[in-house]
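Any value given below was found using the heavy atoms of this structure, including those in side chains, with hydrogens, waters and symmetry copies removed. The model shown is predicted, which means the values in this text are computed figures rather than measured ones.
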Amino acid sequence: MKILLFDSGSYIYWDILVALRDMGHSCQTIYYHFKDRYEDLFFEERLEQCLTETAYDLMFSINFFPLAARVCQRCHIKYISWSYDSPLDERLQDYFPYEMNQIYLFDRSEAIAYQGKGFQNVHHLPLAVNVGRLDGLLKHPVPTQDYCCGISFVGQLYDSPLETLLSPARDYDKGYLEGLLQAQMLVYGYYFIESLISDKVLESLNHSYQKLGQRTTALTKQGLSHALAREITHKERTELLRQANRRFDTRLFTYPKPLPEGMPANYGPLKYYQQMPFVFRHSKLNLNITLKDIHTGIPLRALDIMGCRGALLSNYQPELAELFEDGKDAILYESIEDALEKMDFYLKRDGLREKIARNGYQKVRERFTYPSRLAQIFSRPI
């Protein structure tokens with residue numbers, strides 16, 4: 001097929017491009033960075049010109065772009081998107097009904113939720129990893145001993161907007177939401193906060209904004225749930241890393257910023273293709289602490305770790321537990337205390353830890369490839 005591939009700076013663009021070409025497809029790429037992905041007349045005009053001047057079979061993008069969907073609908077060209085971000089901005093669903101859309105999400109619960117709203121063009125598809133690329137890179141010596149440690153975490157700590165959102169709220173509403181937050185922090189594998197945000201609390205919060213004269217502010221249940229999820233994720237990542245740092249050789253790879261007291265040393269952000277694989281390969285244990293409102297799905301970080309022959313220590317995620325055996329292919333924890341106990345256990349058992357890393361690598365090598373995932377997409381009528 002002749003495919004127009006659209007990218008806006010995603011991590012997985014090159015792996016998808018290589019896979020598509022290896023499968024025999026002809027690909028042309030356009031790259032564009034949006035200032036406003038909901039309103040951009042220049043982009044719409046140029047994309048429509050591109051689609052009308054060349055006979056493409058379909059357009060493919062990493063993540064869903066509303067203006068691409070609109071133009072493809074207008075030009076009657078199939079538009080396929082595969083998202084490695086979750087959850088999606090709730091405004092995007094206004095663009096889902098276009099008949100030319102095929103939308104793939106890696107979080108099964110998110111896909112099911114959209115299907116429940118009537119969007120039968122939304123499908124679940126786990127992510128993939130390019131093991132061949134990683135094998136080739138990791139034949140080279142590790143560039144720096146900074147990448148060699150007992151425990152590593154690569155990722156953001158997240159800044160939550162929750163404090164700002166709740167600043168005008170009544171004490172009762174703040175207390176209720178704080179109670180939800182504390183309860184959710186104790187539960188792994190099931191995110192219940194959104195279902196417990198009552199219409200009454202939401203109305204009260206929005207009334208608080210209106211009393212301050214903010215008539216245009218309207219907080220939604222999904223928006224509040226996302227803010228709470230980021231806050232929980234920030235607290236979990238910070239606390240687990242702080243406690244791990246007290247007991248083990250722990251290193252953090254994230255953007256430079258002031259860190260809370262007691263945190264591991266920050267070795268800075270990593271380049272996805274050139275540097276990150278070496279950390280995953282040369283850390284004894286690699287932490288995956290999933291954003292809380294990714295309810296069931298396997299984040300890209302977890303697959304990348306296993307694709308680099310790294311030992312994965314992850315919070316419990318339903319799809320991860322279904323597709324990888326705990327203690328055999330990966331190591332799953334169900335609380336901060338459980339994570340610390342497993343760090344201590346596996347750091348003392350090199351042979352067992354390395355066997356788990358090999359098993360995880362073999363499973364992603366066989367079952368989580370880009371060609372197989374893309375073949376699943378193209379098996380649906382185009």
Side-chain angles (χ1 to χ4, degrees), residues 1-31 47 50-51 54-73 75-88 92-93 95-115 118-133 294 296-300 302-304 307 319 322-323 363-382:
M1 290 187 293
K2 191 173 183 63
I3 298 171
L4 180 62
L5 183 58
F6 174 71
D7 185 49
S8 187
S10 68
Y11 289 135
I12 62 176
Y13 160 72
W14 283 106
D15 287 333
I16 286 180
L17 177 62
V18 168
L20 287 171
R21 288 178 172 169
D22 286 348
M23 294 169 73
H25 301 296
S26 172
C27 298
Q28 179 70 35
T29 299
I30 57 171
Y31 177 87
L47 179 58
C50 185
L51 290 174
T54 303
Y56 292 103
D57 295 293
L58 61 92
M59 181 173 177
F60 189 109
S61 72
I62 301 102
N63 292 332
F64 180 85
F65 293 93
L67 299 184
R70 180 190 292 171
V71 174
C72 285
Q73 180 68 19
C75 296
H76 206 70
I77 296 290
K78 181 63 69 176
Y79 174 48
I80 296 175
S81 65
W82 185 17
S83 290
Y84 74 110
D85 287 337
S86 180
L88 300 184
L92 292 176
Q93 65 184 315
Y95 299 80
F96 283 7
Y98 297 145
E99 63 178 348
M100 305 312 295
N101 287 341
Q102 281 189 14
I103 301 163
Y104 293 86
L105 308 178
F106 79 88
D107 186 347
R108 181 177 61 211
S109 69
E110 188 176 20
I112 290 172
Y114 281 119
Q115 290 166 2
F119 299 118
Q120 296 307 305
N121 57 353
V122 176
H123 313 285
H124 170 236
L125 188 71
L127 296 171
V129 63
N130 184 349
V131 168
R133 171 178 61 80
I294 299 175
T296 64
I298 306 174
L300 182 63
L303 295 178
D304 282 336
E319 292 180 56
E322 291 167 15
L323 299 172
K363 187 159 282 187
V364 297
R365 183 175 181 271
E366 294 172 356
R367 306 183 189 179
F368 289 80
T369 70
Y370 280 102
S372 65
R373 290 285 183 260
L374 292 167
Q376 286 178 262
I377 290 174
F378 297 143
S379 68
R380 294 182 183 274
I382 302 298

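Residues forming a ring-ring contact (aromatic ring centres under 6.0 Å, His included) with Tyr13 (at least two apart in sequence, or on another chain): none. For Lys78, the salt bridge (charged side-chain N to carboxylate O under 4.0 Å, His left out) criterion is met by no residue, not counting sequence neighbours. Among residues two or more places apart in sequence or in another chain, the side chain to side chain donor-acceptor pair (under 3.5 Å) test is passed with Tyr79 by Ser61. The side chain to side chain donor-acceptor pair (under 3.5 Å) check on Gln28 picks up nothing, with sequence neighbours excluded. Remark: Arg373 pairs with no residue by the salt bridge (charged side-chain N to carboxylate O under 4.0 Å, His left out) rule, at least two apart or across chains. Under the side-chain contact (heavy atoms from CB on, under 4.5 Å) criterion, Thr369 pairs with Pro371, Ser372, not counting sequence neighbours. Applying the side-chain contact (heavy atoms from CB on, under 4.5 Å) rule to Ser379 yields no partners; only residues at least two apart in sequence or on another chain are considered. The side chain to side chain donor-acceptor pair (under 3.5 Å) search around His123 returns Arg380, not counting sequence neighbours. Every residue meeting the side chain to side chain donor-acceptor pair (under 3.5 Å) condition with Asp304, not counting sequence neighbours, appears here in chain and number order: Tyr272. Applying the ring-ring contact (aromatic ring centres under 6.0 Å, His included) test to Phe119 and every residue at least two apart in sequence or in another chain returns Phe96. Residues satisfying the salt bridge (charged side-chain N to carboxylate O under 4.0 Å, His left out) test with Arg365, not counting sequence neighbours, are none.
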What verdict does the ring pair (Phe, Tyr, Trp, His ring centres under 6.0 Å) test give for Phe65 and Phe6, after you've listed the backbone C-alpha separation in whole Å, the side-chain angles of each residue and the deciding distance to 0.1 Å? CA-CA 9 Å; Phe65 293 93; Phe6 174 71; 4.9 Å; yes

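Here side chain to side chain donor-acceptor pair (under 3.5 Å) pairs that include residues 15-24, with residues two or more places apart or in two chains, are Asp15-Asn130, Asp15-Arg133.
Side-chain atoms of Asp85 and Ser83 form no donor-acceptor pair, as typed in the model, at a separation below 3.5 Å.
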